[in-house]
Chemist: 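Quick one: this structure, given as structure tokens, is what I'll be asking you about.
Counting from 1, the numbers follow the sequence of the chain as shown. Computed from heavy atoms alone, side chains included, the values below leave out hydrogens, waters and symmetry copies. Order of listing sets the numbers, starting from 1, for every ligand and every atom in it.
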Amino acid sequence: MPLINKQVTLAARPKGFPKESDFKVVQAPVPEPGAGQILVRMLYISVDPYMRGRMNDVKSYTPALQIGEVMGAGAVGEVVDSKNARFQVGDVVEGFFGWQQYTISAGEGVRKLDPSVAAVSTALGVLGMPGLTAYFGFLDVGKPRSGETVVVSGAAGAVGSLVGQIAKISGCRAVGIAGSDAKCAWLTGELGFDSAFNYKTASDYGAKLSELCPEGVDIYFDNVGGAITDAVFATLNSGARIVVCGQIAQYNAEKPEIGPRLLWHLIVKRARAEGFLVFDYASRYAEGLRQLAMWINAGKLKYHEQVVDGIENTPRAFIGMLRGENTGKQLVRVG
Ligand code: NAP
Ligand code: FER
């Protein structure tokens with residue numbers, strides 16, 4: 001058993017876009033599990049957009065990270081020592097273990113994985129937090145009806161790529177907005193989206209949306225905010241639902257961006273914009289995971305994972321995800 005636990009800590013609060021120097025790779029001793037605890041050796045670590053918010057000195061749903069603290073994160077690992085009757089050495093588990101090679105846990109909020117159901121990495125993507133976000137956000141907040149038109153921003157990412165497919169499963173038309181031609185080709189060619197456009201090369205989002213959604217937009221699943229969202233507001237149908245999932249276009253902003261004031265569209269269209277947090281659905285996670293796994297097994301739901309190797313490369317993977325270098329779910333494999 002190695003004695004060293006490599007960890008990635010917050011070294012400085014980022015100003016705007018995070019830099020690698022905002023993080024520090026440190027070495028600590030591998031902790032010893034006490035009574036009731038397990039020792040977990042990490043296999044995969046997640047990098048997610050919400051982590052950017054936790055790097056600011058702002059308390060929200062979760063408290064802000066302190067300088068020197070290990071970056072909090074979902075991760076999948078193997079139990080290598082157990083003093084807890086619920087877990088055995090060799091069990092593969094998912095929990096909020098952080099950007100580090102080892103951690104001890106009392107088992108609270110730790111989920112045992114069945115490697116025969118799916119690759120264990122999926123517990124951080126399609127069969128984990130992002131998959132559940134797509135499932136509950138789209139179905140519960142979006143309330144789709146067959147034949148409706150759905151627009152998804154951030155469409156080629158972990159959440160967005162699933163939302164468009166769940167829209168198709170629900171009998172809707174799915175239109176994606178993503179940041180490269182290759183991502184758009186993947187959405188329409190492999191995932192079954194009806195159409196998609198590249199917001200980095202489109203000069204007029206409104207014109208593109210009118211072309212691709214000739215019957216208007218009934219559900220807008222918003223992962224990004226900003227100018228893309230401004231354009232979608234003008235295309236909403238009467239009774240439209242806007243699922244406010246994420247606003248990643250603003251996460252690195254140094255000062256608030258002032259956009260056009262568009263809420264009057266909600267009045268005229270009797271539309272509803274509703275934010276949600278996946279954690280609110282904790283009591284229904286089992287239902288969501290069961291359905292997502294059934295769709296995967298039936299070939300109705302496809303997913304892609306992008307994997308970077310090495311704990312030291314976690315900051316780079318995180319920054320890359322914020323820049324749109326990922327297609328599907330970005331993960332770090334820990335050797
Ligand atoms: P992701 O989509 O896999 O990765 C982030 C993507 O955002 C990048 O690949 C990039 O793709 C896009 N992006 C970055 N900057 C952008 C900008 N300025 N404008 C437009 N797109 C930009 O991440 P995810 O984990 O699936 O999360 C997606 C969104 O859902 C995030 O906003 C996240 O905060 C939110 N979320 C919310 C909840 C909740 O409970 N409400 C839970 C999970 C996630 P492009 O190449 O397309 O730019
Ligand atoms: C996310 C964006 C924001 C997310 C969670 C939040 C789980 C919650 C933020 C807060 O409570 O401050 O992508 O994913």
Side-chain angles (χ1 to χ4, degrees), residues 16-18 46-65 72-74 96 124-126 128-138 140-142 151-165 176-187 193 196-202 205 220-232 242-253 257 259 273-282 285 288 303-308 317-331:
F17 225 93
S46 186
V47 294
D48 296 86
Y50 73 84
M51 294 167 184
R52 177 63 188 83
R54 295 197 67 219
M55 296 171 80
N56 297 331
D57 194 12
V58 176
K59 188 195 175 307
S60 187
Y61 184 88
T62 43
L65 281 160
F96 200 72
L124 301 173
V126 61
M129 189 276 281
L132 293 165
T133 301
Y135 180 84
F136 290 112
F138 181 68
D140 221 67
V141 183
V151 169
V152 189
S153 57
V159 174
S161 60
L162 303 174
V163 169
Q165 295 182 80
I177 308 175
S180 77
D181 290 348
K183 289 184 181 189
C184 291
W186 178 61
L187 296 176
F193 281 57
F197 74 91
N198 177 355
Y199 73 90
K200 290 188 178 164
T201 53
Y205 300 158
Y220 174 43
F221 194 101
D222 188 12
N223 282 315
V224 308
I228 292 172
T229 294
D230 293 344
V232 179
I242 300 168
V243 184
V244 187
C245 177
Q247 299 282 289
I248 197 167
Q250 287 159 36
Y251 294 176
N252 298 302
E257 209 188 13
E274 186 175 342
F276 76 103
L277 278 175
V278 62
F279 313 119
D280 299 339
Y281 291 91
Y285 282 174
Y303 61 92
H304 186 259
E305 295 172 343
Q306 192 157 322
V307 181
V308 158
F318 173 65
I319 294 167
M321 177 276 296
L322 293 175
R323 290 198 188 286
E325 287 166 15
N326 61 307
T327 296
K329 174 64 196 166
Q330 181 67 56
L331 296 172

Chemist: I'd like to know if the side chain of Asp48 and the backbone of Met51 have a donor-acceptor N/O pair within less than 3.5 Å.
Modeler: no

Chemist: What's the spacing between Leu162 CG and Tyr303 OH if we round to 0.5 Å?
Modeler: 10.5 Å

Chemist: Establish, for the pair Arg323 and Phe17, whether the NZ or CZ atom is under 6.0 angstrom from the six-membered ring centre and no further than 45 degrees off its axis.
Modeler: yes

Chemist: With heavy-atom distances below 4.0 Å as the criterion, list the atoms of ligand 2 near Phe279.
Modeler: 7 (C)

Chemist: Mark yes or no for whether Arg54, through its side chain, and Pro63, through its backbone, hold a donor-acceptor pair below 3.5 Å.
Modeler: yes

Chemist: With heavy-atom distances below 4.0 Å as the criterion, list the atoms of ligand 2 near Leu277.
Modeler: 5 (C), 6 (C), 8 (C)

Chemist: Tyr199 and Ser153: side-chain donor and acceptor closer than 3.5 Å?
Modeler: no

Chemist: Angle between ring planes, Phe221 versus Phe276, binned at 30° and 60°: parallel, tilted or perpendicular?
Modeler: perpendicular

Chemist: Could you check whether the rings of His304 and Trp186 sit parallel, tilted or perpendicular, using 30° and 60° as the cut-offs?
Modeler: perpendicular

Chemist: Give the residue, atom name and distance (to 0.1 Å) of the protein heavy atom nearest atom 3 (C) of ligand 2.
Modeler: Tyr50 CB, 4.1 Å

Chemist: Verify whether one side chain among Lys329 and Ser161 offers a donor that lies under 3.5 Å from an acceptor in the other.
Modeler: no

Chemist: For atom 11 (O) of ligand 2, what is the nearest protein heavy atom, given as residue, atom name and distance?
Modeler: Tyr61 CB, 2.1 Å

Chemist: Return the protein residues near ligand 1 (heavy atom under 4.0 Å from any of its atoms), ordered by chain and residue number.
Modeler: Pro49, Met129, Thr133, Gly157, Ala158, Val159, Ala178, Gly179, Lys183, Tyr199, Asn223, Val224, Cys245, Gly246, Gln247, Ile248, Ala249, Tyr251, Phe276, Leu277, Val278, Met321, Leu322, Gly324, Asn326, Gly328

Chemist: Considering heavy atoms of the protein only, find what lies nearest to atom 12 (O) of ligand 2 and give residue, atom and distance to 0.1 Å.
Modeler: Ser60 OG, 2.4 Å

